[in-house]
Amino acid sequence: MISASEQLDAIKQGVVDLIPEDSLRQKLEKAVVTGKPLVVKQGFDPTAPDIHLGHSVGLRKLRQFQDLGHQVVFLIGDFTGLIGDPSGRSDMRKRMTREELLANADTYTEQAFKILQRERTTVECNSRWLGKMRFGEVLELAATQTIARLLERDDFARRYKDNRPISLLEFLYPLAQGYDSVVLKADVEVGATEQKFNLLMAREIQRSYGQDPQVILTLPILEGTDGVEKMSKSMGNYIGITEPAAEIFGKTMSIPDSLIAKYFALVSSKTPIEVQRVVERLAEPDTNPSHLKRELALDLVTQFYDDEAARGAEAHFDRIHVRHDVPESIVEVRLAGSADGLWLIKALTDSGMCDTSSEARRMVKQGGVTVDGDKVIDIELRLQKKKDPYTVKVGKRKFVAIVVE
RNA sequence: GGGGAGGUUCCCGAGCGGUCAAAGGGAACAGACUGUAAAUCUGUCGGCGAUGCCUUCGGAGGUUCGAAUCCUCCCCUCCCCA
C-alpha cells in the first residue's frame, strides 16, 4: 500500500467534496499502518436493469480505491429502492415493486464488474438488514433526526415551498441510507453531488450509533446525451455500458459538443494531463469537435469491449452516418405476400420497423423510407414477391432486409 | 373534522357545452444542412387499409341532439383552520 498522502492525492482527483479531508487522511494513515483496508461504500438503487456511464463515474472512483488496496462494498439498494430516492426530484417517484427491483439487481452486479475488481468487492443488499428492522428500531433511528433538519434539504425545501407532495416515506430515505453505513461500518461513502445531503446525514446517524463517521466523497453529475438532464434510464439519455459497441459509439457521437470535456474528464480512460490537452484542443478554432468526440467514443468502446470492437464501431458509424451507406449486415425478415405483393405500410409494421401503421405512413410521407436505395413517395407502394430481399431503410439508422414470399 | 384549490395526451401546461384528437413549450421522430446520431432550420407527433371510423382529458354513473367542459358519488394531491 502506498503512502497515505499519495493515496489522498490520487483520491482527490475529480472529486467535488471531500468531507472532512483530515479525517480521510487519518483513516488512510491508519490503514497504511495496520494494513487493514478502508471500507468504501456506494449504494445503487436498481431502478433500471442497466448500468450506464452515469453510474460509472462512481464505480471508477471505487475502482481507484480498490487499486489502492481498499475494500469496496457495492451496495444494492433493493430495499431503499422500494422507497425511491427523492434526491434531486421535484416530484414523488412512482414506486417500484420488489420483483422489478430484484430482477434489475441481478443484471446490475454483473455489469458493475466491468469496472470493479471482484476480489476487493463485497456485494450487499440492504434488504438484509432494513427488511428485518422492528418498528422499535425504526423509531430509534427516526429519533436521531428532526423534520427541520430534513427540510433543510434543497429538493425537499423546494417541493414544500411549491406545495408539491413529499411523502413521509421519502423522509425516511436518508435515514435508511444512513443506517446502511452504520451496519456496514463504512469508512468512506461515494456518491454524486446530489447525494451530499444523504451522505452527510449518514455521518450524523453513525455518530448517534457510536461510530466514527464516514468520510463523504462526492463526484460531479454526468449529464446524459441530451446535454441537459442527468443521465438516467428514465430520461432515455443514457449510454449503457453493456450496450452494443456501435450503440456506445453512436450515442457518444450524439452528445452535444459542450459536454466533450466533461465526458473526457469523468468517464474516459485519459489521465488528467491528457484531459487538459483535450480542453486546450477544444479551444483552438480549427479543431473540429467531432474529431474529439470520435476519440472519446473509441476510448469508451475500448473500455467496455476492446480495440477491435472500437474500430468496428467507428467503421460502422462512418458507413451509416458519413457515407449514408447500408450496414455490413442487416437483419432479414420473411413476410408473406399475396398475389399483388405486400403493402409497404404493412411490411414496415410487420417487420418491426414501425410500431404502428400511423407511424409507418408518417415515415413514408416525410420521405424517411427507402427501398433498395430509392426514396418511397407512394404510400400505396406494394412490394412484389421476390427471392432476393428488399433493402429497406427507415429513418436515419434503421435497416431491414425484407423477403416477400 | 371544517373551508378552499386542483387532477388534461410521454412530461409541463392551456382549454371550461359543439369549430377538440384537444393551444403553447419540452422530449421524441422525420427531412434539409453538416467533416458529428452536435448546432441550426422545417415538419410530424392517439389508433385503424383511413378525405372516414374508433379510443382518450383521475374513476364510475347522469343531464344534453352533443361533455375534457354541466350534475352526483368515489379516489388522489395541495393550501388554510382545528
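Quick note on labels: first sequence line is chain A, next is B, and so on, each numbered from 1. Bear in mind the structure is a predicted one, so any value in this text is a computation, not a measurement.
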Residues, nucleotides or ligands: over 12 heavy atoms within 6.0 Å of A:Lys196 NZ: no
Pair partner, B:C57 [Watson-Crick or wobble, under 3.5 Å]: none
Identified pairing partner of B:A32, criterion: Watson-Crick or G-U wobble below 3.5 Å: B:U40
N or O in side chain of A:Lys396 less than 4.0 angstrom from B:G31 OP1/OP2: yes
Nearest-angstrom distance from the residue atom CG of A:Leu296 to P of B:A38: 15 Å
Pairing partner (Watson-Crick or G-U wobble, both distances under 3.5 angstrom) of B:A67: none
Gap in Å between the two C1' atoms, one belonging to B:A39 and one to B:U51, rounded: 39 Å
Rounded distance (Å) that lies between atom C1' of B:U51 and atom CD1 of A:Ile379: 13 Å
Sugar-phosphate, base or nothing in reach of A:Glu380, heavy atoms under 4.0 Å: base
Whole angstrom value for the distance that separates P of B:A38 from NE2 of A:His321: 9 Å
Identified pairing partner of B:A5, criterion: Watson-Crick or G-U wobble below 3.5 Å: B:U77
B:C53 and B:A38, which share atom name P, separated by this distance in whole Å: 40 Å
B:A38 OP1/OP2 closer than 4.0 Å to side-chain N/O of A:Ser290: no
A:Lys398 vs A:Asp257, nearer the 5' end of RNA chain B by closest nucleotide: A:Lys398
Separation of the P atoms in B:C57 and B:A21, to the nearest angstrom: 14 Å
Toward the 5' end of RNA chain B, by each residue's nearest nucleotide, A:Arg294 or A:Met235: A:Met235
C1' spacing across the pair B:G46 / B:U36, given as an integer number of angstrom: 34 Å
Residues, nucleotides or ligands: over 12 heavy atoms within 6.0 Å of A:Arg134 CZ: no
Gap in Å between the two P atoms, one belonging to B:U77 and one to B:G25, rounded: 33 Å
Nucleotide nearest A:His324 when distance is taken to its side chain, options B:U34, B:A32, B:G47: B:U34
Distance, rounded to the nearest Å, where A:Asn163 contributes CG and B:G4 contributes C1': 13 Å
Distance in angstrom units between A:Glu223 CD and B:A38 P, rounded: 18 Å
Nearest-angstrom distance, C1' atom, B:G61 to B:A67: 14 Å
Any strand: nucleotide that pairs with B:C20 via Watson-Crick or wobble, under 3.5 Å: none
Distance in angstrom units between A:Met353 CE and B:C29 P, rounded: 14 Å
Donor + acceptor pair across side chains of A:Gln177, A:Asn198 (<3.5 Å): yes
Parallel, tilted or perpendicular: ring planes of A:Tyr108 versus A:Phe74, cut at 30 and 60 degrees: tilted
Geometric class of the A:Phe65/A:His70 ring pair [parallel <30°, tilted 30-60°, perpendicular >60°]: perpendicular
base_contact_polar (B:G49 base, A:Arg382 side chain, donor-acceptor, <3.5 Å): yes
A:Lys41 versus A:Ser181, side-chain donor and acceptor atoms under 3.5 Å: yes
Length of the line joining A:Asp226:CG and B:A38:P, which is rounded to integer Å: 12 Å
For B:G49, the Watson-Crick or wobble partner whose two distances fall under 3.5 Å: none
Touch class at under 4.0 angstrom, heavy-atom based, for A:Arg362 against every strand present: sugar-phosphate
Out of B:U36, B:A38, B:G47, whichever nucleotide has its closest atom nearest the side chain of A:Thr356: B:G47
Interatomic distance, A:Met363 CE vs B:U44 P [rounded to whole Å]: 14 Å
NZ or CZ of A:Lys114 within 45° of A:Tyr305 ring axis and under 6.0 Å: yes
Under 3.5 Å donor-acceptor pair, A:Gln366 side-chain atoms to B:G43 base atoms: yes
Polar side-chain contact A:Ser258-B:A38 base: donor and acceptor under 3.5 Å: no
Integer angstrom distance from the C1' of B:A68 to that of B:A23: 14 Å
Sugar-phosphate, base or nothing in reach of A:Gly250, heavy atoms under 4.0 Å: base
P atoms of B:C79 and B:G31, separation to the nearest Å: 48 Å
N/O (side chain, A:Arg164) to phosphate O (OP1/OP2, B:C12) under 4.0 Å: no
Sugar-phosphate only, base, or nothing, as touched by A:Ala246 at under 4.0 Å among non-hydrogen atoms: base
Ring geometry between A:Tyr209 and A:Tyr179 (parallel below 30°, tilted from 30 to 60°, perpendicular above 60°): perpendicular
Residue A:Pro165, side-chain heavy atoms: nucleotide from B:C79, B:A38, B:U77 that is nearest: B:U77
